[in-house]
Amino acid sequence: MADQVTASRKAALTARGGSAEAILTPAPAATRISLRAGADALPALSAALGVTLPTRPKTSASSGQRHALWIGPDEWLVIDESEADLLTAAASSGTLHSAVDISHRNVAVIVSGPGADVAINSGCPQDLSLAIFPVGGCSRTILGKAEIILFRTAEDQFRVECWRSFSPFVFGLLSEGAADAGH
């Protein structure tokens, strides 16, 4: 049998940016899986992953550094900031599901500060008011012409997940929005 080689992750974004109103910080490396499963598999998958998979649109659940974001009726993005092995955890559920490791495909930018929502709204059409998009809210949406997954982690902080290949565009657009948030 051939030796197994594991790819090493290189940071797609290294610079910080933004303004006093909206600070942009590349998120540290994280493990991510795109998870698809039927309703009957959710209890076992939730137990195996150590976080309850949410079942309502635009909601998430967190346990420590692990977050499960509802993306669609049978789809979740699971993020582990401690880089734990999510595929093995999901496989241990013993249920029918599909889990794809997208850790190297995605990167994230943390947008924080009193103007974080303004910076994001420079290219995203969603209403980011706390009443409509509360802490823990998440959705698949767009920023300019790039697909993102937006996750509100605090009243004045968001995690913007995007494909690595779009990260320079996303970071640039957020930088322009952050500059505008200061006006």
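Excluded from the calculations below are hydrogen atoms, water molecules and symmetry mates; all remaining heavy atoms, backbone and side chain alike, are included.
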Discussion item. Is there a continuous path of hydrophobic side-chain contacts, each under 4.5 Å between heavy atoms, that joins V100 to I71?
Written reply: yes
Worksheet item: Do the non-hydrogen side-chain atoms of C162 and N106 ever get within less than 4.5 Å of each other?
Response: no
Practice prompt. Heavy atoms only: give me the nearest I33-L86 pair and the separation to one decimal.
Written response: CG2-CB, 3.8 Å
Fill in: Spacing of CD1 belonging to I102 relative to CH2 belonging to W163, to within rounding of 0.5 Å
9.0 Å
Worksheet item: Nearest 0.5 Å, what's the CG-OG1 distance between L42 and T55?
Response: 7.5 Å
Worksheet item: Do any N or O atoms from the side chain of T52 and from the backbone of S46 form a donor-acceptor pair under 3.5 angstrom?
Response: no
Worksheet entry | Chi angles and distances behind the side chain to side chain contact (heavy atoms under 4.5 Å, CB included) call for D180, V118 | CA-CA 8 Å; D180 290 344; V118 174; 5.6 Å; no
Item to complete: Can you see which heavy atom on A90 is nearest to which on L49, and at what distance?
Response: N-CD2, 4.0 Å
Worksheet item: Does the S19 side chain pair with the main chain of E21, one donor and one acceptor, at a distance under 3.5 Å?
Response: yes
Item to complete: For side chain to side chain contact (heavy atoms under 4.5 Å, CB included), just list the numbers for F158 and L150, CA-CA rounded to whole Å, side-chain angles, deciding distance to a tenth of an Å, and then say yes or no.
Response: CA-CA 7 Å; F158 296 84; L150 187 59; 3.9 Å; yes
Discussion item. Taking the side chain as everything from C-beta on, heavy atoms only, tell me whether S129 gets closer than 4.5 Å to F133.
Written reply: no
Fill in: Residue list, side chain to side chain contact (heavy atoms under 4.5 Å, CB included) with S112, at least two apart or on another chain
I23, Q157
Practice prompt. Side-chain contact test, heavy atoms from C-beta onward, threshold under 4.5 Å: evaluate it for T141 versus I149 and give yes or no.
Written response: no
Discussion item. Would a single hydrophobic cluster contain both W70 and L128, if residues Ile, Leu, Val, Met, Phe, Trp and Tyr are joined by side-chain heavy-atom contacts under 4.5 Å?
Written reply: no
Discussion item. Are more than 12 heavy atoms, taken from residues, nucleotides or ligands other than L96, located less than 6.0 Å from that residue's CG atom?
Written reply: no
Worksheet, complete the sentence: Here the pair of heavy atoms bringing G115 nearest to A22 is O-CB, 3.7 Å
Practice prompt. Measure from the side-chain N and O atoms of R152 to the backbone N and O of E155, and report whether any donor-acceptor pair falls under 3.5 Å.
Written response: yes
Discussion item. Given the ring of F169, does K145 sit roughly above its face, with NZ or CZ under 6.0 Å from the centre of the six-membered ring and within 45° of the axis?
Written reply: yes
Item to complete: List the steps, then state whether side chain to side chain contact (heavy atoms under 4.5 Å, CB included) holds for E161 with I148.
Response: CA-CA 5 Å; E161 289 274 332; I148 63 167; over 6 Å; no
Fill in: Exercise: identify the closest heavy-atom pair between R140 and Q126
O-NE2, 4.4 Å
Worksheet item: Do the side-chain N and O atoms of S122 and E176 include a donor-acceptor pair separated by under 3.5 angstrom?
Response: no
Worksheet item: Between S93 and T95, does any side-chain donor sit less than 3.5 Å from a side-chain acceptor?
Response: yes
Item to complete: Give the minimum heavy-atom separation between V51 and A61, together with the two atoms involved.
Response: CG2-O, 3.5 Å
Item to complete: Please step through side chain to side chain contact (heavy atoms under 4.5 Å, CB included) for the pair S60 and F151, ending with a clear verdict.
Response: CA-CA 8 Å; S60 67; F151 176 34; 3.2 Å; yes
Worksheet item: Any donor and acceptor pair, going by atom type alone, linking the side chain of T59 with main-chain N or O of P54 inside 3.5 Å?
Response: no
Discussion item. Let me confirm one number: the OG-CG distance from S103 to D80, rounded to the nearest 0.5 Å.
Written reply: 9.0 Å
Worksheet item: Is there side-chain contact between L174 and L143, with heavy atoms separated by less than 4.5 Å?
Response: yes
Worksheet item: Say you draw a straight line from CG of D74 to CG of L53; how long is it, rounded to the nearest 0.5 Å?
Response: 11.5 Å
Fill in: Atom pair NE2/CG of H67 and L77 - distance to nearest 0.5 Å
10.5 Å
Worksheet item: Salt bridge between R159 and E81, side-chain N to carboxylate O under 4.0 Å?
Response: yes
Worksheet item: Once you round to the nearest 0.5 Å, how far does CD1 of I132 lie from NZ of K58?
Response: 7.0 Å
Practice prompt. Can you establish whether the number of heavy atoms outside E75 located under 6.0 Å from its atom CD is more than 12?
Written response: yes
Worksheet item: Would a 4.5 Å heavy-atom cut-off, applied to side chains only, mark H97 and L35 as touching?
Response: yes
Worksheet entry | Shortest non-hydrogen contact between F171 and V109, atoms and distance | CD1-CG2, 3.9 Å
Practice prompt. Flag the pair I120 / V160 as yes when at least one side-chain heavy-atom distance between them is below 4.5 Å, and no otherwise.
Written response: yes
